[in-house]
Number of protein chains: 2
Amino acid sequence: MSSLVEVARAAGVSVSTASRVLTGSSHPISAKTRAKVIATAEKLGYSPSALARALVSRSSRLIGVLVSDIVNPYFSVIARGIDDVASRAGYVTMLSNVDRRTSTEISRLRTMRDYRAAGVIIAGSGFEADPLAPDLAVAVGQAKEQGIQAVSLTSRDLGCPVITADNEGAAHDVTDHLLSLGHRRIAFIEGPPGMTTSKQRRDGFLACMNAANLSDVARCLPGGFDFEAGHLAAMRLIARPPLPDAILAANDEAAVGALNALRQAGIDVPGEISVAGINDLRLARFVGLTTVSLPLYEMGAMAAQHVIDALPGDATTTLLSHRVIPRETTARRPPG
Amino acid sequence: MSSLVEVARAAGVSVSTASRVLTGSSHPISAKTRAKVIATAEKLGYSPSALARALVSRSSRLIGVLVSDIVNPYFSVIARGIDDVASRAGYVTMLSNVDRRTSTEISRLRTMRDYRAAGVIIAGSGFEADPLAPDLAVAVGQAKEQGIQAVSLTSRDLGCPVITADNEGAAHDVTDHLLSLGHRRIAFIEGPPGMTTSKQRRDGFLACMNAANLSDVARCLPGGFDFEAGHLAAMRLIARPPLPDAILAANDEAAVGALNALRQAGIDVPGEISVAGINDLRLARFVGLTTVSLPLYEMGAMAAQHVIDALPGDATTTLLSHRVIPRETTARRPPG
DNA sequence: TTGTAGGCGTTATCAT
DNA sequence: ATGATAACGCCTACAA
């Protein structure tokens, strides 16, 4: 609307004086000029141009967020965590959907750099043997040279701090929960092939089974993170009896897909078989799914705080804690 | 990284020339200088400052999005629609959660104005008799004076174009679907009290019932847009038999809550009673819920396009079409 | 305590 | 075809 010069002119002071009072500078200002400036700024409806401010200060109050797909509740919860602390601190979130494509991550990262974002939070998981991973790391490095904070929400070799959930531990702990209910033959429906997060969760599952000397009855089958993948995997299981004692899916949505297939086939859950997931999304509550609650919101919130506080710590990895949430899709293994 | 002046200097040309070739201006440039500039820009990894560009052009390529809560899939689908067309056009989305608070909408709108957003898309519904509504309208007006496009995704008196779903028509049409299955005594679980969208959906339900001369057996009960509200409303219904023939909830999540209560009470859906919702979120597919598909993604996409194309049309209202999606929670009314 | 002036990185106008 | 220069709106030494 009205610019600083206009306010200054109207208040009969210089721009610097106006700037000083309006930015709350510690520079000494007489009480009366301060009052006058504030009053006229108020009257003129002055609001500083975030753009000009960012241009001169070489850093905006924008926080970039790279998610795979905001429609996926896993990411929307993270985004909410970010935005809550961001907006509380006067920052605003720039969101971008990258559909798990590293090339898109790179180009969006560049865009956010062009807006001199205070920081960029990379929420999606990486893939093993991703040929573009080094390029992303380079882009991250360049961003940092420009004073842009970068934080990854999955363990990814990007040369930036990592704030993440303990995927392996979470998978381990639900598996352990299943074992504690007396289940032995457990099937694990894997996440998307090649995805780091998928691998971590499978590793957690296998580690737990191995520790219980049950690696011979641990079974992994290809799956994915969506309903259909879970459904399909369960169908395959149903097609080749006997059923395992329990099924653990790599995430909640796939677990619900499996649950659905099982019940459609007339199989009683948890009477005949137990089912569990990972994430504890809202959906899990709706269907009474046993799962592990991951600190998604907290990851977002902490990452945003990290950016705002301009914290250092490039090689740092922060592991936030999870918690098994027993619900109605798991039960003690029936005798026999 | 390197600025335009650096590129110009390195290429041995003036900034204006460099600017002209790098912006793809139609201004005539000799082939060789053009090549030289492009080469050095490439070598120096030049990328224009979106900030400086926005400052001088008085408009950025940022699109503001105001949602109630991005975790709510209703909004995340809209956000996805926006971001898809935005990013395709080189724009980036600024997201803000306002938790249905008009005061927050106003302040966030101001923030986006301070970034000289190309436009702001207001996704959340308004409330009747909202004392702050005029203030929001004023803020929208000021934004427009600055050349910021504004688009509302619900019918709201903001002095800006409206691109929305036909909530009333959608509710009418599912109700009609229920009637076509032979149901007569239908209960409607309302949305959040006072919310415009709630009212529109209830109106659509009542209009359809009236038209069928069934207003005496149409029943509205207080509810909300979440699982718990739907659950509670259904519990109330169960507590006072006889059950209606069918239940229509103001949205999918509440419908799933109702479904859950019913089944927990041992009531067969759709054997004894039919249940339907509105929105057609992913969740509806998972549980086989009959619902109406609203053009959420399209609303977002079209609104973003509107902003990008800087279309006029202040008093315009665009109604996008919906479609009833019959699934497994509704069936023909059992005889007797 | 207040003011002057230079610069942040672009674009656009006006010369050359 | 190319170049100098004035904005855009703000911050921050440096002066006064």
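Just so it is clear: chains get the letters A, B, ... in the order the sequence lines come, proteins before strands, and each one is counted from 1.
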Q: Of all residues at least two apart in sequence or in a different chain, which pass the side-chain contact (heavy atoms from CB on, under 4.5 Å) check with Arg88(A)?
A: Asp84(A)
Q: Does Ser16(B) place a side-chain N or O at less than 4.0 Å from the phosphate oxygens OP1/OP2 of dT2(D)?
A: no
Q: Short of 4.0 Å, heavy atom to strand atom, which residues of residues 28-58 of chain A count as contacting DNA chain C?
A: Pro28(A), Ile29(A), Ser30(A), Thr33(A), Leu55(A), Val56(A), Arg58(A)
Q: Say whether Ser47(A) and Arg110(B), considering side chains only, have a donor N or O and an acceptor N or O under 3.5 Å apart.
A: no
Q: Assess whether atom CG of Asp157(B) is packed by more than 12 heavy atoms of other residues, nucleotides or ligands within 6.0 Å.
A: no
Q: Looking just at side-chain N and O atoms, do Ser25(A) and Thr23(A) make a donor-acceptor pair shorter than 3.5 Å?
A: no
Q: Sequence neighbours left out, what passes salt bridge (Lys or Arg N to Asp or Glu O under 4.0 Å) with Arg116(A)? Give chain and number order.
A: none
Q: Give the residues of residues 2-10 of chain B touching DNA chain C, defined as any heavy atom closer than 4.0 Å, sorted by residue number.
A: Ser3(B), Leu4(B)
Q: Please collect all side-chain hydrogen bond (donor to acceptor under 3.5 Å, both in side chains) contacts where either partner lies in residues 57-78 of chain A, sequence neighbours excluded, each pair once.
A: Asp69(A)-Arg80(B)
Q: What is the distance from atom OG1 of Thr104(B) to atom CG of Asn97(B), rounded to the nearest 0.5 Å?
A: 10.5 Å
Q: Is there a side-chain contact between Leu109(A) and Glu105(A) (heavy atoms, below 4.5 Å)?
A: no
Q: Round to the nearest Å and state the distance from Arg61(B) atom CZ to dT11(C) atom P.
A: 11 Å
Q: Applying side-chain contact (heavy atoms from CB on, under 4.5 Å), name anything that partners Ala41(B), two or more places apart in sequence or on another chain.
A: Val7(B), Leu22(B), Tyr46(B)
Q: According to side-chain hydrogen bond (donor to acceptor under 3.5 Å, both in side chains), does anything in residues 298-315 of chain A pair up with another residue at least two apart or in another chain? List the pairs.
A: Lys144(A)-Asp314(A), Gln305(A)-Asp309(A)
Q: Let me have the donor-acceptor pairs involving side chains of residues 122-132 of chain B, under 3.5 Å, with sequence neighbours excluded, atom names and distances please.
A:
unit_1: Ser125(B); atom_1: OG; unit_2: Thr197(B); atom_2: N; d: 3.3
unit_1: Ser125(B); atom_1: OG; unit_2: Thr197(B); atom_2: OG1; d: 3.1
unit_1: Asp130(B); atom_1: OD1; unit_2: Leu132(B); atom_2: N; d: 2.9
unit_1: Asp130(B); atom_1: OD2; unit_2: Thr102(B); atom_2: OG1; d: 2.5

Q: Work out how much the helix from dT1(C)-dA16(D) to dT16(C)-dA1(D) bends between its end axes, five pairs an end, to the nearest 10 degrees.
A: 50°
Q: Please list, for nucleotides 14-16 of chain C, all pairs of protein and nucleotide N/O atoms separated by less than 3.5 Å.
A:
none

Q: Taking 4.0 Å as the cut-off, does a side-chain nitrogen or oxygen of Ser14(B) come that near to OP1 or OP2 on dT2(D)?
A: no
Q: Do any pairs count as a side-chain hydrogen bond (donor to acceptor under 3.5 Å, both in side chains) and have a residue in residues 32-42 of chain A, sequence neighbours left out, and if so which ones?
A: Ser30(A)-Thr33(A)
Q: Under 4.0 Å between any heavy atoms, over every strand shown, what does Ser25(B) touch: base, sugar-phosphate, or nothing? Just pick one.
A: nothing
Q: Sequence neighbours left out, what passes side-chain contact (heavy atoms from CB on, under 4.5 Å) with Pro192(B)? Give chain and number order.
A: Arg100(B), Met195(B), Ser198(B), Phe225(B)
Q: Could you tell me the separation between the CG atom of Leu22(B) and the P atom of dT11(C), rounded to a whole number of Å?
A: 8 Å
